[in-house]
Amino acid sequence: METRTAPVDLWVFGYGSLMWRPGFPVIERRPARLRGYHRALCVLSHVHRGTPERPGLVLGLDRGGSCRGVAFRVAEPEAAATLAYLREREQVTAVYVERVLGVNLDNGRRVSAVTYLVDRTHPQYAGRLPEPELLRLVRQGLGRSGANPDYVRNTHQHLVAMGVADPLLARIAAACAVPSP
């Protein structure tokens, strides 16, 4: 007698552009919280939102605190292709480390989700920068996926729609709407 196991769907946690542009087939989308890490503008972007010569600045999950974002459920038949896509997108310069971590969904359920944490030892890890430097980097960033200010504004708008307050991201988004001096 053959034993069959039930299909296992893949969960992915998004906290930046994945929230508004996942790029993979989703069968369920839920607000979620990841504990132990927080969203921060701490990654110098050399590909998607900048270049090595003129880096932009994108979000990373850095240690400490918690992060509200979105958990996406991907049907098991699409899991391998989704992981391949995410690895190509998120690990283009290896500044992120792929991990499977527990996230709490808004309905009280806890699931294991693939997420991408910033590698603090990577040269593109910017750490905590002063706000004027954050703004300078965001304003100058332009890469394969577009202008860095658009990334910041889109992420901020999606956080607001989810009821998530991020005062720093709000200030950077607002400042990007005003021409630089």
Side-chain angles (χ1 to χ4, degrees), residues 2-43 45 47-49 57-122 124-128 145 150-170 173:
E2 183 179 325
T3 304
R4 293 187 181 200
T5 58
V8 178
D9 294 339
L10 173 72
W11 284 91
V12 177
F13 181 73
Y15 57 90
S17 62
L18 282 176
M19 292 189 305
W20 45 271
R21 189 176 60 88
F24 50 85
V26 173
I27 58 173
E28 184 177 359
R29 172 192 171 107
R30 310 254 358 153
R33 180 183 300 267
L34 173 66
R35 297 202 184 276
Y37 299 90
H38 68 281
R39 178 187 299 104
L41 278 170
C42 65
V43 175
S45 180
V47 176
H48 289 288
R49 300 294 172 167
L57 196 63
V58 294
L59 295 163
L61 281 176
D62 208 351
R63 62 182 179 228
S66 70
C67 179
R68 287 178 57 197
V70 176
F72 299 98
R73 186 165 62 100
V74 176
E76 188 272 336
E78 302 294 331
T82 297
L83 281 173
Y85 164 78
L86 286 169
R87 288 171 180 155
E88 182 178 319
R89 173 177 167 168
E90 300 298 321
Q91 294 182 311
V92 66
T93 64
V95 68
Y96 296 110
V97 177
E98 181 180 290
R99 292 285 184 265
V100 176
L101 300 171
V103 297
N104 298 312
L105 305 181
D106 67 335
N107 63 4
R109 186 171 168 211
R110 186 166 173 84
V111 298
S112 295
V114 171
T115 194
Y116 292 88
L117 310 176
V118 66
D119 177 356
R120 287 178 148 225
T121 67
H122 196 281
Q124 285 174 251
Y125 176 67
R128 187 178 216 137
S145 296
D150 294 340
Y151 165 87
V152 169
R153 284 192 300 269
N154 279 336
T155 302
H156 175 253
Q157 289 168 358
H158 280 78
L159 291 174
V160 167
M162 291 173 53
V164 176
D166 187 324
L168 176 61
L169 205 60

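Treat the numbers as computed from the prediction; the structure is a model and nothing was measured.
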Heavy-atom closest pair, residues [X] and [Y]:
{"X": "Y125", "Y": "V118", "answer": "CD1-CG2, 3.5 Å"}
{"X": "W11", "Y": "S112", "answer": "CB-O, 3.4 Å"}
{"X": "V103", "Y": "A113", "answer": "CG2-CB, 3.9 Å"}
{"X": "R68", "Y": "F13", "answer": "C-CZ, 4.3 Å"}
{"X": "L57", "Y": "A126", "answer": "CD1-CB, 4.2 Å"}
{"X": "L105", "Y": "A32", "answer": "CD2-CB, 4.0 Å"}

(request) Apply side chain to side chain contact (heavy atoms under 4.5 Å, CB included) to L18 and F24, showing your working. (result) CA-CA 10 Å; L18 282 176; F24 50 85; 4.1 Å; yes
Quick check for you: to the nearest 0.5 Å, what is the distance between [X] atom [atom1] and [Y] atom [atom2]?
{"X": "L41", "Y": "D166", "atom1": "CG", "atom2": "CG", "value": "8.0 Å"}
{"X": "L117", "Y": "E90", "atom1": "CG", "atom2": "CD", "value": "11.5 Å"}
{"X": "Y151", "Y": "R21", "atom1": "OH", "atom2": "CZ", "value": "10.0 Å"}
{"X": "R87", "Y": "Y116", "atom1": "CZ", "atom2": "OH", "value": "5.5 Å"}
{"X": "T82", "Y": "E76", "atom1": "OG1", "atom2": "CD", "value": "11.0 Å"}
{"X": "L10", "Y": "L83", "atom1": "CG", "atom2": "CG", "value": "5.0 Å"}

Any side-chain heavy atom of D62 within less than 4.5 Å of one from R128?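 No; the side chains remain at least 4.5 Å from each other.
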Would you say the side-chain atoms of [X] pair up with the backbone N or O of [Y], donor to acceptor, closer than 3.5 Å?
{"X": "R35", "Y": "G102", "value": "no"}
{"X": "R49", "Y": "S145", "value": "yes"}
{"X": "H158", "Y": "N154", "value": "yes"}
{"X": "H38", "Y": "L61", "value": "no"}
{"X": "H122", "Y": "T93", "value": "yes"}
{"X": "R39", "Y": "Y15", "value": "yes"}
{"X": "D119", "Y": "Y96", "value": "no"}

Ring pair (Phe, Tyr, Trp, His ring centres under 6.0 Å) filter on Y37, not counting sequence neighbours, yields none
With sequence neighbours left out, the residues meeting salt bridge (charged side-chain N to carboxylate O under 4.0 Å, His left out) with R30 are E28, D106
Query raised in the report: Around R120, counting heavy atoms of other residues, nucleotides and ligands shown, do more than 12 lie under 6.0 Å from its CZ?
Result: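 Yes.
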